[in-house]
Asks: 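I'd like to ask you about the structure that follows.
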Amino acid sequence: MRSNLSLLLFGVVFLSAFSACKRATPAKNYNDTYTSGSLQFVSDDSFEPIVAQELYVFKNDNPDANPIPIYKSENEAVKLLLADSVRFALLSRDLTPDEKSVITQHNLPTVTTKFASDAIAIIVNESSADTATSVTEIKKMLRGEANTDRSIVFDNPNSSLVRYLKQLSGQNEFKQKNIYALKSNKEVIEYVSKNPGAIGITGFSWLDDPDADYADAAKKVRILAVKDENSKTPNQYYKPSQTTLFLKQYPLQRSLYVVNCTGRKGLGMGLELFIAGDKGQRIILRSGLLPAILPEREISIHSNKF
């Protein structure tokens with residue numbers, strides 16, 4: 001009897017130990033820190049100009065750090081995050097509750113930090129007589145209700161910009177013959193620069209300080225002023241700028257976010273702290289976008305005695 005009891009206890013202990021071993025996940029060894037090591041992350045491709053500036057300064061300050069960006073459309077970027085292919089992303093929206101629950105299933109946190117505000121710019125060819133438009137007119141064009149045959153172009157169908165335009169117009173799809181999705185913001189600028197009858201919709205950061213490969217095209221387009229008939233100033237037109245973004249006068253704007261799911265003190269957190277910190281926010285300020293936190297300016301006053 002005592003022998004059988006001993007065997008039973010041994011079996012219970014063995015099974016418990018086996019089950020515990022099966023559940024246990026070996027700890028992954030990370031060798032990155034705030035300022036060193038490698039990090040592959042995904043960014044909304046419409047942020048490429050500002051991300052490139054941030055990374056240039058960050059890597060210059062931290063030569064042992066190697067953050068590697070993957071530029072994707074918003075839909076593709078979120079898919080990579082949910083599949084746990086990457087754990088750090090730069091997006092133009094926060095994750096939805098359902099998306100956060102998927103991240104939680106990987107036993108990871110989701111820390112979202114706003115780092116800038118961007119404007120959605122409406123552009124025309126330099127030869128166009130147009131100088132302004134309105135939110136109502138933009139909605140009509142996107143719904144196919146405007147009396148125009150002008151072509152309307154924007155970046156690829158899965159982008160954050162297209163999601164924004166669908167929400168603005170209340171449309172699930174754009175099926176009008178005069179609305180075209182290209183491949184990138186750069187292509188939108190180049191297309192409008194060559195087609196006087198086109199209207200382009202693009203991120204403002206692509207126009208404020210264009211790279212050499214499309215700078216000539218950017219010089220041949222004009223940014224339209226926009227009014228919002230439902231605002232406090234229904235008859236006032238505004239162009240995108242840091243001032244009109246800060247005062248919330250320019251009606252077409254969106255927020256930019258860091259989504260950090262690394263859950264540890266590594267290069268991801270270091271990059272997040274840099275972008276949201278003083279130096280990273282000054283880079284945003286110089287880029288023409290509106291930083292989430294306006295950097296302080298120190299002014300020294302000296303009294304001169306004569």
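Computed from a prediction, not measured in an experiment: that's the story for all the values here.
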Asks: Are the side chains of Ile123 and Arg222 in touch, meaning some heavy atoms are under 4.5 Å apart?
Replies: no
Asks: Measure centre to centre between the rings of Phe274 and Phe58, then say whether the value is under 6.0 Å.
Replies: yes
Asks: Return the OG1 to OH distance between Thr202 and Tyr191, rounded to the nearest 0.5 Å.
Replies: 15.0 Å
Asks: Heavy atoms, side chains only, cut-off 4.5 Å: are Leu267 and Ser36 in contact?
Replies: no
Asks: In the single-linkage hydrophobic clustering (I, L, V, M, F, W, Y; side-chain heavy atoms under 4.5 Å), do Val57 and Ile284 co-cluster?
Replies: yes
Asks: Judged by modelled atom types alone, do Thr104 and Ser101 share a side-chain donor-acceptor pair under 3.5 Å?
Replies: no
Asks: Mind listing the closest non-hydrogen atom pair of Gln281 and Ala276 along with its distance?
Replies: CG-O, 3.6 Å
Asks: Do Ile275 and Val42 share a hydrophobic cluster, counting only Ile, Leu, Val, Met, Phe, Trp and Tyr and linking them when any side-chain heavy atoms are less than 4.5 Å apart?
Replies: no
Asks: Between the side chain of Arg87 and the main-chain N/O of Asn260, is any donor-acceptor distance below 3.5 Å?
Replies: no
Asks: Once rounded to the nearest 0.5 Å, what's the spacing between atom CD1 of Ile199 and atom CG of Leu224?
Replies: 7.5 Å
Asks: Is the Phe174 to Phe154 ring centre distance short of 6.0 Å?
Replies: yes
Asks: Answer with yes or no whether the side chains of Ser92 and Glu74 bring together a donor and an acceptor at under 3.5 Å.
Replies: yes
Asks: Please tell me if the side chains of Lys72 and Val78 come closer than 4.5 Å, counting only heavy atoms from C-beta onward.
Replies: no
Asks: Going by atom types only, do Arg93 and Ser255 share a side-chain donor-acceptor pair under 3.5 Å?
Replies: no
Asks: Backbone N or O of Leu82 within a donor-acceptor pair of the His106 side chain at under 3.5 Å?
Replies: yes
Asks: Could you walk me through whether Leu161 and Ile201 satisfy the side-chain contact (heavy atoms from CB on, under 4.5 Å) test, starting with their C-alpha distance in whole Å, then the side-chain angles of each, then the deciding distance to 0.1 Å, before giving a yes or no?
Replies: CA-CA 8 Å; Leu161 177 60; Ile201 307 177; 4.1 Å; yes
Asks: Would Lys265 and Asp32 count as a salt bridge (charged side-chain N to carboxylate O under 4.0 Å, His left out) if you check the C-alpha gap in whole Å, the side-chain angles of each, and the deciding distance to 0.1 Å?
Replies: CA-CA 9 Å; Lys265 298 178 181 179; Asp32 60 309; over 6 Å; no
Asks: What pair of heavy atoms forms the shortest contact from Asp155 to Ala181, and how long is it?
Replies: O-CB, 3.7 Å
Asks: State whether a side-chain donor-acceptor pair under 3.5 Å links Ser43 with Glu48.
Replies: no
Asks: Can you tell me if Asn125 uses its side chain to pair, donor with acceptor, with the backbone of Val221 under 3.5 Å?
Replies: no
Asks: Going by atom types alone, do Asn185 and Ser46 pair a side-chain donor with an acceptor below 3.5 Å?
Replies: no
Asks: Does a side-chain heavy-atom distance below 4.5 Å link Gln171 with Arg143?
Replies: yes
Asks: Quick one: OG on Ser117 to CG on Leu256, what's the gap to the nearest 0.5 Å?
Replies: 7.5 Å
Asks: Is it the case that the side chain of Tyr180 and the backbone of Lys177 share a donor-acceptor pair, with hydrogens and angles ignored and the cut-off at 3.5 Å?
Replies: yes
Asks: Report the distance from atom CG of Asp208 to atom OG of Ser287, rounding to the nearest 0.5 Å.
Replies: 6.5 Å
Asks: Are Ile179 and Leu252 grouped together when hydrophobic residues (ILVMFWY) are joined by side-chain heavy atoms under 4.5 angstrom apart?
Replies: yes
Asks: Is the backbone of Pro196 close enough, under 3.5 Å, to the side chain of Ser127 for a donor and an acceptor to pair up by distance?
Replies: no
Asks: Would you say Ser169's side chain and Leu165's backbone share a donor-acceptor pair under 3.5 angstrom?
Replies: yes
Asks: For atom NZ of Lys79, is the number of surrounding heavy atoms from other residues, nucleotides or ligands below 6.0 Å larger than 12?
Replies: no
Asks: Passes side chain to side chain donor-acceptor pair (under 3.5 Å), Asp94 versus Thr112? Steps please.
Replies: CA-CA 7 Å; Asp94 193 0; Thr112 304; 2.9 Å; yes
Asks: Any donor and acceptor pair, going by atom type alone, linking the side chain of Asn66 with main-chain N or O of Gly37 inside 3.5 Å?
Replies: no
Asks: Does any donor atom in the side chain of Thr96 or Asp98 lie under 3.5 Å from an acceptor atom in the other side chain?
Replies: no
Asks: Count I, L, V, M, F, W, Y as connected when their side-chain heavy atoms are under 4.5 Å apart, and connections chain through other members. Are Val258 and Met269 then in the same cluster?
Replies: no
Asks: For residues Val226 and Leu245: do they belong to one hydrophobic cluster (side chain heavy atoms under 4.5 Å, members Ile, Leu, Val, Met, Phe, Trp, Tyr)?
Replies: no
Asks: Are any non-hydrogen side-chain atoms of Trp206 and Pro49 less than 4.5 angstrom apart?
Replies: yes
Asks: Within the 4.5 Å heavy-atom criterion, are Ser128 and Arg150 side-chain neighbours or not?
Replies: yes
Asks: Taking atom CE of Met141 and atom CD of Gln176, what is their separation to the nearest 0.5 Å?
Replies: 11.0 Å
Asks: Might you point out which heavy atoms bring Ile138 and Leu168 nearest each other, and give the distance in Å?
Replies: CG2-CD2, 4.2 Å
Asks: Are the side chain of Asp228 and the backbone of Asn230 linked by a donor-acceptor contact shorter than 3.5 Å?
Replies: yes
Asks: List the atom of Ser193, the atom of Lys220, and the distance in Å for their closest heavy-atom pair.
Replies: CB-CB, 3.9 Å
Asks: In Å, rounded to the nearest 0.5 Å, how long is the span from OG of Ser231 to NZ of Lys248?
Replies: 13.5 Å
Asks: Would you find a donor on one side and an acceptor on the other, under 3.5 Å apart, between the side chain of Asn195 and the backbone of Gly197?
Replies: no
Asks: Which residue, Asn75, Asp44, Asp45, forms the side-chain hydrogen bond (donor to acceptor under 3.5 Å, both in side chains) with Ser160?
Replies: Asp44
Asks: Among side-chain atoms of Ser184 and Glu187, is any donor-acceptor pair under 3.5 angstrom?
Replies: no
Asks: If the condition is ring pair (Phe, Tyr, Trp, His ring centres under 6.0 Å), which residues does Phe88 pass it with, not counting sequence neighbours?
Replies: Phe41
Asks: Mind running side chain to side chain donor-acceptor pair (under 3.5 Å) on Tyr238 and Thr233 for me, showing each step along the way?
Replies: CA-CA 10 Å; Tyr238 297 99; Thr233 54; 3.2 Å; yes
Asks: Could you go step by step and tell me if Lys186 and Asp213 meet the side-chain contact (heavy atoms from CB on, under 4.5 Å) rule?
Replies: CA-CA 9 Å; Lys186 190 185 299 185; Asp213 61 337; 2.7 Å; yes
Asks: Can you check side-chain contact (heavy atoms from CB on, under 4.5 Å) on Leu39 and Ile68, steps first, answer last?
Replies: CA-CA 6 Å; Leu39 170 74; Ile68 305 167; over 6 Å; no
Asks: Have Ser159 and Tyr164 got a donor and an acceptor in their side chains that come within less than 3.5 Å?
Replies: no
Asks: What do the steps show when you test Phe246 against Ser241 for side-chain contact (heavy atoms from CB on, under 4.5 Å), and what is the final call?
Replies: CA-CA 8 Å; Phe246 178 75; Ser241 70; over 6 Å; no
Asks: In this structure, which one of Lys227, Glu229, Glu145 forms a side-chain hydrogen bond (donor to acceptor under 3.5 Å, both in side chains) with Thr136?
Replies: Glu229
Asks: Please step through side chain to side chain donor-acceptor pair (under 3.5 Å) for the pair Ser134 and Glu137, ending with a clear verdict.
Replies: CA-CA 5 Å; Ser134 69; Glu137 186 63 23; 5.2 Å; no
Asks: Compare every heavy atom of Ala52 with every heavy atom of Tyr71, then report the nearest pair and how far apart it is.
Replies: OH-N, 4.0 Å
Asks: Heavy atoms only: give me the nearest Ile103-Leu95 pair and the separation to one decimal.
Replies: CG1-CD1, 4.1 Å
